[in-house]
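As structure tokens, the structure follows; a few thoughts come after it.
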Amino acid sequence: MSSTSSHARWTDARLLEALEEVVERELNRHLQVFKEWMPHEYVPWSRGRDFDGPLGGEAWSVEQSPLTEVGRVSLVVNLLTEDNLPSYHHEIATLFGRDGAWGTWVHQWTAEEARHSMVLRDYLIASRAVDPVELERARMTHMQNGFVSDNRHSPLHTVAYVAFQELATRISHRNTGHASGDPVCDRMLAQVANDENLHMIFYRNLLKASFELAPDQTMQAVNEVVTNFRMPGHGMPGFERAAARIAIDGVYNLRVHLDDVLLPVLRHLKVMEMGGLGPDGVRAQMELGLMLDGLTAQATRFDERQAAIRARRAAARG
Ligand SMILES: [Fe+2]
Ligand SMILES: [Fe+2]
């Protein structure tokens, strides 16, 4: 591609068409590395028993849970996030289309994602890990609200967003498993995190191809997406409170977001070192650099506050 044509503005339709062959190649690569796994094998069914209600079993109470408190909070956030799959499917099917390689990917991805809410819910209910009534009511509210993508105006912004979001989800599942206090839960979430990692690689490779085709527009999209990033579960009931708890306990916070999500993708694609940009691309790259400097300073202040909270907690325990 000559440098003059790469600086011309791409319409969404032309970009989607040009990326289709990349989607096909990446889909084939994905299908080769993806290993089938069975959600039912990860659920400790032997822990299960009847609940109160029509079967007259035992009602849930918190002492039955094998999880730490942050494990309970975080698993509910992660499950409700996975539960909104119909909305996510709608958003990407509308933007990427349901035909050709794009359509095959959209359906493959949706089928893989459906395992996540399945295995998480089965684990939580069989293990009596969280209040099943509260969980079901939260699912209803959350799905009734649905999810509207911040990036539905642009396929390029969407590709950039999902590259970061799949990694964010991977890290969130993995760290939740580590903090859960239950090795069975940790193993299940490692398996789910592995799927999210493969999704991240798919979209990251697509983002790389977008940089090659349309460097300036892709730089602008990445800058805007990183600046405005919100977790997909941001609209769920009690999200702010849960997010604060998850942050303090180190499962997901600004430090994690910066070091384990934003920087690995940006470094892998060499976004900050990228040359050959036009004026719009250079401006977006500079803005992105300033944004990252700001986030680094904020993350350092967060680390200090977190250390102080931990010290107070340790002192209170004596
Ligand atoms: Fe997922
Ligand atoms: Fe995913």
Side-chain angles (χ1 to χ4, degrees), residues 23 26-27 29-31 33-43 74-93 95-96 102-124 135 138-139 142-143 146-147 149-151 157-178 180 185-207 225 229-236 239 242 246 251-252 256-257 260-262 264-265 268:
V23 171
E26 288 303 316
L27 175 64
R29 192 195 49 73
H30 174 83
L31 292 174
V33 294
F34 182 83
K35 283 196 201 69
E36 183 189 43
W37 62 279
M38 291 294 151
H40 71 272
E41 293 174 0
Y42 289 80
V43 176
S74 192
L75 269 147
V76 169
V77 168
N78 290 5
L79 173 52
L80 293 178
T81 302
E82 298 284 354
D83 274 336
N84 246 347
L85 181 59
S87 279
Y88 309 142
H89 172 86
H90 174 85
E91 295 294 83
I92 66 164
L95 212 57
F96 295 155
W102 277 109
T104 311
W105 165 255
V106 166
H107 288 110
Q108 174 70 27
W109 175 86
T110 304
E112 289 177 17
E113 285 291 346
R115 273 195 189 138
H116 300 169
S117 55
M118 214 185 283
V119 74
L120 260 67
R121 178 163 282 98
D122 287 348
Y123 164 83
L124 290 175
L135 178 67
R139 183 189 67 77
H142 187 48
M143 290 187 77
F147 168 86
S149 164
D150 293 335
N151 300 293
H157 286 68
T158 299
V159 168
Y161 177 76
V162 289
F164 293 109
Q165 171 270 316
E166 292 284 0
L167 183 53
T169 315
R170 173 202 179 190
I171 297 295
S172 169
H173 284 308
R174 189 199 66 187
N175 289 354
T176 299
H178 294 348
S180 69
C185 179
D186 194 22
R187 190 189 306 134
M188 167 193 66
L189 288 175
Q191 186 58 45
V192 174
N194 189 49
D195 284 4
E196 310 294 16
N197 194 47
L198 295 177
H199 297 159
M200 179 277 287
I201 292 170
F202 178 93
Y203 286 124
R204 193 185 61 191
N205 290 347
L206 214 52
L207 191 57
V225 160
F229 189 91
R230 298 196 286 175
M231 289 298 255
H234 63 79
M236 73 181 58
F239 181 74
I246 287 166
V251 171
Y252 203 97
V256 173
H257 184 59
D260 298 341
V261 177
L262 296 181
V265 173
H268 185 92

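Just so you know, ligand 1 is whichever comes first in the structure, and atom 1 is the first atom listed for that ligand. The chain is numbered in sequence order, starting from 1.
- Protein N, O or S atom count below 2.8 Å of the Fe ion (ligand 1): the structure gives 5.
- Contact between Val225 and His157 at its shortest, heavy atoms only, is CG2-O, 3.4 Å.
- Between Asp83 and Arg121 there is a side-chain heavy-atom pair separated by less than 4.5 Å.
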Would you list the atom pairs, donor with acceptor, under 3.5 Å between side chains in residues 36-43 and any protein atom, with sequence neighbours excluded?
unit_1, atom_1, unit_2, atom_2, d
Trp37, NE1, Asp195, OD1, 3.1
Trp37, NE1, Asp195, OD2, 3.1
Tyr42, OH, Gln191, OE1, 3.1

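- Applying the side chain to side chain contact (heavy atoms under 4.5 Å, CB included) rule to Ala93 yields the partners His89, Arg98, Val106; only residues at least two apart in sequence or on another chain are considered.
- The aromatic ring centroids of Phe202 and Trp105 lie less than 6.0 Å from each other.
- Under the rule for a side chain to side chain contact (heavy atoms under 4.5 Å, CB included), the partners of Thr176 that lie at least two apart in sequence or sit in another chain are Ser74, Leu75, Asn78, Ser172, Leu189, Val251.
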